[in-house]
Amino acid sequence: MFEVVIGLEVHVQLNTKTKLFCSCPTSFNHKQNTNTCPTCLALPGALPVLNKEVMHKSIMLGTAIDATINKNSYFDRKSYFYPDSPSAYQITQLYTPIVEHGTLTINFEDGSEKTIRINRAHIEADAGKNIHDGDISKVDLNRAGTPLLEIVSEPDMRSAEEAILYLKKLHSIIRYLGIGDANMQEGSFRVDVNVSIRPKGDEKLYTRVEVKNINSFKFIEKAIEVEVNRQSEAWEDGVYDEEISQETRLFDQVKNETRSMRGKEEAADYRYFPEPDLLKAVVTDEMMEKYTIIPELPDAKKERFIKEFGLNAYNADVITSTVEMAQFFETMMQEEGVTGKTATSLLTVELPARLKGEVNLTNSPVDAKKLGFLAKRVDDKTISIKAAKEVLDFLMENADADIDDTIEKLGLQQMTDTGALESMCDAIIDANPEKVEQYQGGKEKLFGFFVGQVMKASKGSANPQVVNEILKAKLG
Ligand code: ADP
Ligand code: MG
Ligand code: ZN
């Protein structure tokens with residue numbers, strides 16, 4: 001009876017070398033308050049200068065979401081007092097952001113898709129960090145002035161599922177573009193979820209609640225669920241107007257509930273006004289030429305993998321879901337003669353099953369070149385896919401081992417010599433006259449028995465396809 005309405009705000013930390021308005025490094029893990037200068041400490045008289053790299057990366061994002069890139073955009077001050085913001089305002093883009101009116105398409109499992117509108121993406125400066133240590137709170141301003149791109153969707157999502165699909169897509173686009181790490185745990189991809197409900201069929205928007213500080217896709221899904229429940233229960237109990245107000249709430253992962261953090265400020269409370277210390281940000285023709293040429297994005301790559309390498313939609317989806325896996329796959333396919341099928345099975349099934357703990361695709365002892373070569377040895381029939389798993393087991397423990405040496409050492413070469421296989425088949429046929437009679441009399445299931453016997457006689461090294469062909473010919 002209710003329809004869920006969700007709009008998402010995502011703060012992406014851009015991976016520039018220096019901060020948004022000063023030349024302090026953006027690197028982390030430095031001693032507190034060392035990556036600072038008069039500008040990001042907001043000392044009186046220090047002036048901000050816009051970092052061009054931030055504009056370049058914003059143009060790339062704008063291109064990826066088919067948005068309008070404004071030739072002129074402007075900065076505004078958003079005033080608020082908080083200990084981690086020494087200027088007592090944040091420089092952001094309220095009235096004319098650099099990127100506006102984009103779209104992002106999400107794909108459902110059943111193959112259908114939906115386009116979500118993106119209202120804007122604007123540049124803004126991050127705050128520092130408050131560190132609470134027992135009774136004492138400390139402020140670290142290393143992060144103050146780090147560039148953020150805030151990407152704001154229209155309230156176009158109608159379920160937690162759609163919200164997660166949108167976020168995962170956006171996340172992977174950021175990674176494909178290489179404009180940010182988008183690490184949720186480290187806060188370089190921060191999501192605010194705006195949730196409301198309305199009676200089905202109603203066009204108007206009801207009161208939205210903004211849920212903050214959720215640092216995993218799983219918890220975002222949970223937070224949406226509990227918030228939707230809270231709002232619909234209030235409606236059903238007739239206390240919607242009293243209990244649901246426009247406010248900011250925190251999601252509590254342990255109690256699985258949202259809690260009021262503060263009433264939602266109206267724009268007027270922030271006393272926005274044009275930033276007097278900065279010029280407008282001008283996107284030049286050269287910038288447009290250079291930064292609207294972007295790397296291939298997940299959807300295009302998926303289509304190409306299907307066409308070029310014969311992957312099915314499901315596998316193409318899995319492989320392009322992260323830029324690391326897509327690149328790994330492409331490196332594997334560079335090995336001559338490798339088929340999409342073998343590469344997919346080694347990459348999406350066998351390798352992940354052997355990656356544990358801290359070991360992942362980027363630091364796997366078996367890298368893309370190696371796994372590609374292993375796939376080649378399957379596809380040129382040197383070894384079976386089953387034997388490839390054994391080789392892989394060995395390689396995981398012996399990163400420096402040579403693949404051909406390993407195949408030899410473990411005695412895993414396949415017999416493809418038709419002569420030798422033919423005599424093996426003959427021997428099995430001769431040894432089982434009754435079974436042959438039964439098979440030829442119509443008991444076709446027995447075919448598997450013959451294949452099995454030959455495989456056994458060859459200690460698993462016979463190429464099953466060749467054995468199949470030989471037996472078919474001999475048994476009729
Ligand atoms: P603020 O910064 O005050 O949160 P923004 O305009 O930046 O405001 O973001 C508002 C977000 O809330 C957008 O993502 C928008 O789509 C979403 N939104 C607006 N109204 C509703 C609503 N009734 N229900 C759900 N989401 C909404
Ligand atoms: Mg908001
Ligand atoms: Zn600085």
Side-chain angles (χ1 to χ4, degrees), residues 2-11 16-27 30 33-43 46-51 76 78 80 86-87 90-95 97 99-104 116-122 124-128 140-160 162-163 166-167 170 190-199 202-212 223-224 227-228 231 240 244-249 261-270 272:
F2 293 114
E3 178 170 61
V4 177
V5 176
I6 301 167
L8 298 166
E9 295 160 78
V10 180
H11 288 86
T16 54
K17 286 189 248 358
T18 56
K19 292 185 182 178
L20 179 52
F21 298 121
C22 62
S23 52
C24 291
T26 48
S27 40
H30 284 181
N33 297 306
T34 53
N35 290 344
T36 54
C37 72
T39 301
C40 55
L41 290 176
L43 299 186
L47 289 173
V49 178
L50 178 61
N51 180 347
D76 304 289
K78 179 182 185 181
Y80 65 92
S87 55
Q90 178 188 33
I91 302 181
T92 180
Q93 297 191 300
L94 176 69
Y95 302 107
V99 169
E100 276 183 299
H101 313 310
T103 58
L104 191 144
I116 309 293
R117 291 168 304 155
I118 292 177
N119 173 285
R120 53 157 57 212
H122 61 255
E124 62 186 29
D126 207 349
D140 175 12
L141 294 173
N142 278 353
R143 201 182 64 183
T146 297
L148 299 176
L149 198 57
E150 178 173 349
I151 301 157
V152 183
S153 85
E154 295 291 349
D156 283 354
M157 284 146 283
R158 295 290 171 269
S159 63
E162 291 184 8
Y166 169 89
L167 289 170
L170 183 59
R190 275 172 261 161
V191 181
D192 298 342
V193 188
N194 295 274
V195 186
S196 66
I197 56 166
R198 64 184 174 193
D202 212 335
E203 290 291 309
K204 98 172 211 263
L205 291 172
Y206 284 73
T207 307
R208 76 172 151 116
V209 169
E210 181 169 352
V211 190
K212 273 194 185 295
I224 293 173
E227 188 51 34
V228 167
Q231 293 181 23
Y240 180 86
I244 308 303
S245 61
Q246 187 172 328
E247 60 174 352
T248 302
R249 294 174 75 86
M261 186 167 117
R262 55 179 143 90
K264 179 75 200 174
E265 298 85 353
E266 295 293 326
D269 299 328
Y270 289 122
Y272 279 102

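Heads up: numbering here begins at 1 and tracks the sequence. Reckoned from all heavy atoms, side chains included, excluding hydrogens, waters and symmetry mates. The structure presented is a predicted model; accordingly, all values stated were derived computationally and were not measured. Remember, it's 1-based here, ligands and their atoms both numbered in the order they're listed.
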Open item on the list: Evaluate Ser196 for polar contact with ligand 1, using N/O atom pairs at a separation under 3.5 Å.
Closed with: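 Yes; the residue has a nitrogen or oxygen that sits under 3.5 Å from a nitrogen or oxygen of the ligand.
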
Task: ligand 1 N/O within reach of Pro155 N/O, cut-off under 3.5 Å - done: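 Yes - when backbone and side-chain N and O of Pro155 are compared with those of ligand 1, one distance drops under 3.5 Å.
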
- [ ] Please check if the side chain of Asn51 supplies one atom and the backbone of Lys19 the other of a donor-acceptor pair under 3.5 Å.
- [x]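 Yes; at least one donor-acceptor contact below 3.5 Å.
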
Open item on the list: Heavy-atom distances under 4.0 Å decide this one: backbone, side chain, both or neither, for Val5 against ligand 1?
Closed with: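 The answer is both, backbone and side chain.
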
Task: Per-residue contact class, Leu8 against ligand 1 - non-hydrogen pairs under 4.0 Å - done: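 Only the backbone of Leu8 comes within reach of ligand 1.
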
Check [Y] with [X], please: is the shortest side-chain N to carboxylate O separation under 4.0 Å?
| X | Y | result |
| --- | --- | --- |
| Arg198 | Glu3 | yes |
| Arg190 | Asp126 | yes |
| Arg249 | Glu227 | yes |

Task: From the candidates Arg120, Arg208, Glu210, Lys78, the one that places a heavy atom nearest atom 8 (O) of ligand 1 - done: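 Closest candidate by heavy-atom distance is Arg208.
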
TODO: Kindly identify the option in Glu150, Glu9, Arg117 whose heavy atom sits closest to atom 1 (P) of ligand 1.
DONE: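 When every heavy atom of Glu150, Glu9, Arg117 is considered, Glu9 comes closest to atom 1 (P) of ligand 1.
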
TODO: Would you check if Thr146 and Leu20 make a side-chain contact, meaning some heavy-atom pair closer than 4.5 Å?
DONE: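 A side-chain contact under 4.5 Å is absent here.
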
Would you mind listing which atoms of ligand 1 come within a distance below 4.0 Å of any non-hydrogen atom of [X]?
| X | result |
| --- | --- |
| Leu205 | 23 (N) |
| Glu154 | 16 (O) |
| Val152 | 9 (O), 13 (C), 14 (O) |

Task: Cation-pi check, Lys78 onto Tyr272 ring (under 6.0 Å, within 45° of axis) - done: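 That pair does not qualify as a cation-pi contact.
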
Task: Between His122 and Glu100, a side-chain donor and acceptor under 3.5 Å - done: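 Side chains of His122 and Glu100: no pair found under 3.5 Å.
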
